Amino acid sequence: MYLYLQNRLAAHVRQFLTQKYPDIELPEIVVEQPPKIELGEFALPVALKLARPLRKAPLKIAQEIVAEMSVPEGFAEFTVAGAGYINARLDRTTAARIVAADAAANAAEASAANSRGKVLVEHTSINPNKAAHIGHLRNSILGDTLVRLLRAAGYKVDVQNYIDNTGVQVADVVVGFEQMAKLSASDVEKLIASDPRFDFYCWDLYAKVSQWYEADKAHLDARRNTLHLLETGGNPTAELAQKISMAVLRRHLETMKRLDIEYDFLPQESDILHLHFWAQAFEKLKAAGVLYYEEAGKNKGCWVMTRPGHVRGEGESGPDEDAKVIVRSNGTVGYVGKDIAYHMWKFGLLGLDFGYRKFYQYPEGQSVWISCDPAQSEPGSPHFGGVDAIYNVIDARQSEPQETVKQAITLMGHQESAARYTHFSYEMVALTPRCAMELGYTVSEEDQKKSYIEVSGRKGFGVKADDLLDRLIDAAKGEVDSRHPEVSDQERREVATQIAIGALRYFMLKFTKQSVIAFDFREALSFEGETGPYVQYAVVRASNIFRKAGITPEDALKTPVSEGAFADSEDLWSLWLAAGQTSKIIEGCIASTEPAGLTKHAFQLAQQFNNFYHHHHILTEEDAGRKQLLLATAAVVRRELMAVMAVLGIPAPSVM
RNA sequence: GGGAGCGUAGCUCAGUUGGAUAGAGCAUCUGCCUUCUAAGCAGAGGGUCGCAGGUUCGAGUCCUGCCGCUCCUACCA
């Protein structure tokens, strides 16, 4: 509602100003919200902006505009306030009726939606050699929420999880199985079949391998040899590696599914290698002159690319020592080269495709597809890639390689694709020194002084995602048990799980992307204040009202809001206004690729509702008209809150 | 050296392209459960927005210079 009326207002003002000041180049019509609701619903600082070109006091300009401009449909009046703000007041009854009728209208307002193109979001992409930890959780939750935001705004979205099954990390854990655990291929198979948390086993083994390397550098030969075998493929070690990485991958899918995070497609690095994506990309990059052969200097014999943002100085001659090496002098390609080829595939610029077969099926029936040789492609399989826009959810440390890939695509002449290449960058999750010591890790004196310590899968230092979730569920279960002994144990467990998910997802989303999260159990396990459970609780309270009132929330919204209903109810009106802003907030979150704004919105809406809940006792309200309005208010807030929670991936429990 | 980011209340963080009296949560203190559930509500205290300049009607926000912290910057993957 809010966005719809805001756009209508901006268009109206623009039209008026164009006529009034034909000679002036109009600034963009900015619409803000006044600090207090008594001042109106919209604030236009346009008079302040016009002060300079018109050489006139802002206040005077505002007064002139308000005196002459007509009031658009749905609005009540314009007023001048402050230093020259033009404030617009809504016709509250009309606006409230739009909100009440909303759902459909909101969806239409959210976008010229259905025509929006297909986008690809890649997130998670955990090396398949160990259990997922809290850092991976931030990635997956941010990525999944981005997917939900885009879908809510009408985009078609494919979700990808990139599987680096031929890298050093997988090689390391394979070395662990072969050299340290000394398990045969069939032993590993038995372990995979019998251990429901095989990824935890790998977590410990991986940490041991790292220590083993440190004990004797000669042990690193094992890594080198294994890595080579994995890249080549078609040997027992590569087969073992594939068994292990697929088992760990399965565990990752299970872990993320606990948080209601799903994927459509899993491209494997091994397939990018075996299908020679790079060879194809290499030819195109050479043909386009993006890569050139370095004849001299430290990069002699390599194929290199100009680094993004690098400008050759005046009179600088000789080899560009700063250039990025893509192909080494021994002819092998580095990681970035393969990534360029992969991203050309994403945009449909490569001219090659994966094969697709089913890998996993969610309990509700949707399939997750994995890459394979096209010869083995399942009949009737979907096709991925070739999209209009991509989002890569990858932590901030990877921004340099991300820029390099984007640069390559730009230099190839695909500026429009490169412009729709978004590196969704975010900061890491670290542990507070206190938290690390609670977990039993030894923390050096130097580290104790820091505000946070980086987690490390290599050292086995961190909090595993499944462990955290288990602890959250236990904590929530304790609360639910004591509050609702009348409910069955099974339902209490379900509710506790929903609360845990809500708490965890909210926790990971409430911080802005660029903020390092210093993880602490006390904060993460909190169910009070600005948390997921606080928001969930507001919805449960709203639902309880309707359960006892013997009316559905939907029916409560069918009676039209009566004329003048909000005349002396500023608090009710501000709740309706906040509820009407969801689609505007969602658009803002997409534009800024910052989901934190939506958690803020959810919290504020819940907070306002709790306030309302305490001030108005709905069921005992005697005035029938008033009671109707209160019920409609609860219904509208409940509906919007549930919509927002769905985008945040936070479930709505039945009781709390 | 170059690039990116950060610095706001005791702690953890918000703060929309410059705008109205700088906001939340936690922690501390004071009240509120016979009511639609207290995972809640009301209230109090707590600020030199790292420092110094500049731009202007107006700066937490933009510019410059410092101070402090973090990450990136290999022919490894």
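Predicted model only: the values in this text are computed from it and were never measured. Letters A, B, ... mirror the listed sequences (proteins, then strands); counts begin at 1.
- Both distances falling under 3.5 Å, in either a Watson-Crick or a G-U wobble arrangement, place B:G65 opposite B:C51.
- Closest to the side chain of A:Ala43, from the set B:A24, B:A20, B:U35, is B:A20.
- Under the Watson-Crick or G-U wobble criterion, with both distances below 3.5 Å, B:U12 is paired with B:A24.
- Taking every side-chain heavy atom of A:Arg541 into account, B:U37 is the closest of B:A24, B:U37, B:U17.
- Nearest heavy atom pair, residue A:Cys435 against residue A:Phe519, reads CB-O, 3.6 Å.
- More than 12 non-hydrogen atoms from other residues, nucleotides or ligands lie less than 6.0 angstrom from CE of A:Met428.
- Considering only the side chain of A:Val325, B:C75 comes nearest among B:C75, B:A38, B:A14.
- Of the candidate nucleotides B:C36, B:U17, B:A38, B:A38 has the atom nearest to the side chain of A:Tyr537.
- In this entry B:U56 has no Watson-Crick or G-U wobble partner, no candidate having both defining distances under 3.5 Å.
- Searching all strands for a Watson-Crick or G-U wobble partner of B:C41 with both distances below 3.5 Å returns B:G31.
- Of all nucleotides listed (B:U35, B:U70, B:A14), B:U70 comes nearest to the side chain of A:Tyr452.
- Salt-bridge annotation for A:Arg224 and A:Asp221: present, with a side-chain N of the basic residue lying under 4.0 Å from a carboxylate O of the acidic one.
- At B:C41, one or more side-chain N or O atoms of A:Tyr534 fall inside 4.0 Å of OP1 or OP2 (strictly under the cut-off).
- Under the 3.5 Å distance criterion, with hydrogens and angles disregarded, a donor-acceptor pair is assigned to the side chains of A:Tyr213 and A:Asp172.
- For A:Ser399 against B:C72, a side-chain-to-base donor-acceptor contact under 3.5 Å is absent.
- Counting any heavy atom pair closer than 4.0 Å across all strands shown, A:Gly588 reaches no nucleic acid atom.
- Between A:Trp303 and A:Phe282, the ring-plane angle classifies as perpendicular under the 30° and 60° cut-offs.
- Closest to the A:Thr512 side chain, of the nucleotides B:G15, B:C75, B:U37, is B:G15.
- Among B:C13, B:U12, B:A42, the nucleotide with an atom closest to any side-chain atom of A:Asn611 is B:A42.
- Across all strands shown, B:A4 forms a Watson-Crick or G-U wobble pair with B:U70, both key distances being under 3.5 Å.
- A donor-acceptor contact under 3.5 Å links the side chain of A:Lys36 to the base of B:U21.
- You'll find that the side chain of A:Asn610 is closest to B:C41, out of B:U37, B:U12, B:C41.
- The side chain of A:Gln607 sits closest to B:G25 out of B:A20, B:U12, B:G25.
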